[in-house]
Peer 1: 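Have a look at this one.
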Protein chains: 2
Amino acid sequence: MTGIRRLAQHLDISIGTVSRALNGRPDVNEETRRKVLEAAAELGYVPNQSGRSLRQGTTNIIGFMMQTGTEITGQGDTFFMSVFDGVQTVFARHHLDLVALLCSSEEDPDDYLRRVVARGFADGLILSATQRHDPRFEFLAKRKIPFVTLGRSLTDVGQPWLDLDFEGMAQTSIDRLVAKGHHRIAVTRPHDDINLGHLFVDQSARALAAHGLTLDPDLVFSSKPNEAGGYHVAQQLLAMKDRPTAILLVNETIAIGFYRGMSEAGLKPGRDIAIIGRQSPQSHFLSPSLTGFTLSRRDLGIALAEALLATMPAFSHFYPDAELRKVWSEDLVEGESDAFSLPA
Amino acid sequence: MTGIRRLAQHLDISIGTVSRALNGRPDVNEETRRKVLEAAAELGYVPNQSGRSLRQGTTNIIGFMMQTGTEITGQGDTFFMSVFDGVQTVFARHHLDLVALLCSSEEDPDDYLRRVVARGFADGLILSATQRHDPRFEFLAKRKIPFVTLGRSLTDVGQPWLDLDFEGMAQTSIDRLVAKGHHRIAVTRPHDDINLGHLFVDQSARALAAHGLTLDPDLVFSSKPNEAGGYHVAQQLLAMKDRPTAILLVNETIAIGFYRGMSEAGLKPGRDIAIIGRQSPQSHFLSPSLTGFTLSRRDLGIALAEALLATMPAFSHFYPDAELRKVWSEDLVEGESDAFSLPA
DNA sequence: CATAGTTCCGTAAACGTTTACGGTGGCCGA
DNA sequence: TCGGCCACCGTAAACGTTTACGGAACTATG
């Protein structure tokens, strides 16, 4: 005699009533519910997840899919850890278990997702490292699996997304640098069609245009989003005959490599080139200090979780007015890396 | 009509035979097995995991528990990502699904583990960030849940573990530095009772003793395993009147902070102080280059997976002679950070 | 030919839940 | 008194598998 049956026998009531009591159904006497909960705690009863999954066709698991190994994510990965943390706190309130599904570098993300879904692993999914054209979207939409993405994509199937505010960052940065007298300004963009990084480039161009300036195509650098990428950009940029006086480093981690590249060339950020980047735990140890955007990753995770739950029928009533699609603004923290200004 | 029943009906055989065919049981005609597999592929049938879990009492899931948010892990987290990758490749061969269980900074790891286990989440677990005295060990042992740990602990319940070769690193480092004429050598250790970091300190002392030297207690620095920790160590160390001429930075990421601390004081690694640390993707961007130990994280993950499977009855025959307890040696990559030597 | 053994397959129970359905008893109003 | 309603509870089916058991057909052995 195990599980709920044991509990029922111990209380001398039927298993149906026990189940109803535990699941908060209305049609059970409050007095008996009290007894059931008490006995459950006493006997240390916890419902068997396989049993309820089988019956309800639901797993109570949400998967957060990330890529490992490959340098696509690049974020130094503490980024995702923090976001995950925020997501977790929301789901915990609903007794949903959050697990990280790390797609190995050896496996195709699409195949991996297919396996996960075929196995009926999760009730909902969070996708990161979205691609410009991402087949996963349609796949999930066709199977009616609720999901939300961290990052935009051109493949829109109506799912909720959250993303960084590329446009806002570009606008703010350009305005700031132009005000300091710069007119040859370089920007970086993701090397592949990850996310909608091109929005950053586009908006930079528009912002420059508003000041009567143009974005030189030679000053758009494609970079892997890691230290090596930034280092490589520095090498390319410093080899130019007519090198820019300022640069926007849109990714979190590339500033570290860029600094290294500059110092090897005997140059100093903020003195020889103005830099605006993004803050990260690692960037705090750069010298001179980095001027860059900062982001509450945890809040981002919370918003991500709420957006997902808002689309799941069983939970949507908890979040009637969640923002389903939202760019996440970042604050600019001023450092010394963009101190370099040109005479008017 | 769904699932295996549909498949059976389509083939006009019994569901029992279908199940046996799919699960590779011997008592089924090879010809029918072929047909079943064919039809399964055609109809896109995949067994319902809840059903088999309920019946077999097994989930086919292995959980890799990590801590998030808190600075305990510190490894810049790419460390775990890489290890995870290695684990994954092994499990994939056995159709085991690996998920990452990230314990939030807000939750007690013991409570978190309790929840995971109560839910019957996984067939086996990998624990990281082991503590000097770790209650999780006995908890799992009592429930007879197979697990392996990445890191040693004084709480030994006979489970397999893999760990870094603290003794080897200490011995190699001390010998090397002493050969360069250093006799005031500092070492770092984890700030809390994480892992068995004290082994590093102990072995350093023994190695020094073998050279007729002693380890000054004032030169043992306790450090959080992240950039800030290294920075703090630098500040303490540089403020000393009789400061050491060399230091061992046992953690992967603290060198970055230590470098920063030195440069702020106008000092240069490898010129004013000899440093031996540990390599990481980030440390490649340090200048001067770091002399440090390097580790095949992926291989470590593979060994970890094999050690776990070796203790699980259903898989142990695949790994008859897996090494269950092993320190993982690292190679020393020579850089410029320990160039500083003293005249004999 | 009788017997034993082997190979293959069908039957049905079991895993632990949830939930539709129906039933009992009490209360209330007509 | 009766019918109806309500609050509560028990019964049993269902979810999709796996597997112990037994049986049928066939082969080998004497």
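Reminder, nothing fancy here: chain letters follow the sequence lines and each chain counts from 1.
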Peer 1: Say you draw a straight line from CD of B:E42 to NE2 of B:H10; how long is it, rounded to the nearest 0.5 Å?
Peer 2: 5.0 Å
Peer 1: Report the distance from atom CE of A:M1 to atom C1' of C:dT17, rounded to the nearest whole Å.
Peer 2: 15 Å
Peer 1: So does A:H95 have more than 12 non-hydrogen atoms from other groups sitting under 6.0 Å from NE2?
Peer 2: no
Peer 1: Using 30° and 60° as the class boundaries, would you call the ring planes of A:F64 and A:F80 parallel, tilted or perpendicular?
Peer 2: perpendicular
Peer 1: Can you give one letter per nucleotide of nucleotides 5-14 of chain D, 5' to 3': B if a protein heavy atom sits under 4.0 Å from the base, S if only from the sugar-phosphate, - if neither?
Peer 2: ---SBBB-BB
Peer 1: Taking the six-membered ring of B:F139 as reference, does the NZ or CZ atom of B:R114 fall below 6.0 Å from its centre and within a 45° cone about the axis?
Peer 2: yes
Peer 1: List for me each residue that meets side-chain hydrogen bond (donor to acceptor under 3.5 Å, both in side chains) alongside A:Q49, sequence neighbours excluded, and say none if there are none.
Peer 2: A:S53
Peer 1: Can you identify which nucleotide, out of D:dT17, D:dT18, C:dG16, has its nearest atom closest to the B:S19 side chain?
Peer 2: D:dT18
Peer 1: Less than 4.0 angstrom between a side-chain N/O of A:S53 and OP1 or OP2 of C:dT17, yes or no?
Peer 2: no
Peer 1: Please list all pairs meeting salt bridge (Lys or Arg N to Asp or Glu O under 4.0 Å) that have one or both residues in residues 317-327 of chain B, counting only residues at least two apart or in different chains.
Peer 2: B:D156-B:R325, B:E323-B:K326
Peer 1: If the threshold is 4.0 Å, N to carboxylate O, is there a salt bridge linking A:R297 and A:D85?
Peer 2: no
Peer 1: Whole-Å distance between C:dC15 P and A:I4 CD1?
Peer 2: 14 Å
Peer 1: Does anything in residues 34-52 of chain A come within less than 4.0 Å of DNA chain D? Heavy atoms only, and list the residues if so.
Peer 2: none
Peer 1: Taking B:E30 first and then B:R34, would you say they form a salt bridge - that is, a charged N and a carboxylate O separated by under 4.0 Å?
Peer 2: no
Peer 1: Going by the angle between their ring planes, with limits at 30° and 60°, are B:F147 and B:F137 parallel, tilted or perpendicular?
Peer 2: perpendicular
Peer 1: Could you check whether A:R136 pairs with A:D134 (Lys NZ or Arg NE/NH1/NH2 to Asp/Glu carboxylate O, under 4.0 Å)?
Peer 2: yes
Peer 1: Restricting to side-chain hydrogen bond (donor to acceptor under 3.5 Å, both in side chains), what partner residues turn up for B:T89, sequence neighbours left out?
Peer 2: none
Peer 1: Hey, does B:R25 reach any base, or is it just sugar-phosphate, or nothing, if we go heavy atoms under 4.0 Å?
Peer 2: sugar-phosphate
Peer 1: Please report the distance, rounded to the nearest Å, between CG in A:L54 and C1' in C:dT18.
Peer 2: 10 Å
Peer 1: Take the C1' atoms of the five end pairs on each side of the helix from C:dC1-D:dG30 to C:dA30-D:dT1, derive the two axes, and give their angle rounded to 10 degrees.
Peer 2: 50°
Peer 1: Round to a whole Å and report the spacing from CD of A:Q9 to C1' of C:dG16.
Peer 2: 15 Å
Peer 1: Rounded to the nearest Å, what distance is computed from the CZ atom of residue A:R6 to the P atom of nucleotide C:dG16?
Peer 2: 12 Å
Peer 1: Figure out the CZ/P separation between B:R33 and C:dC9, and round it to whole Å.
Peer 2: 10 Å
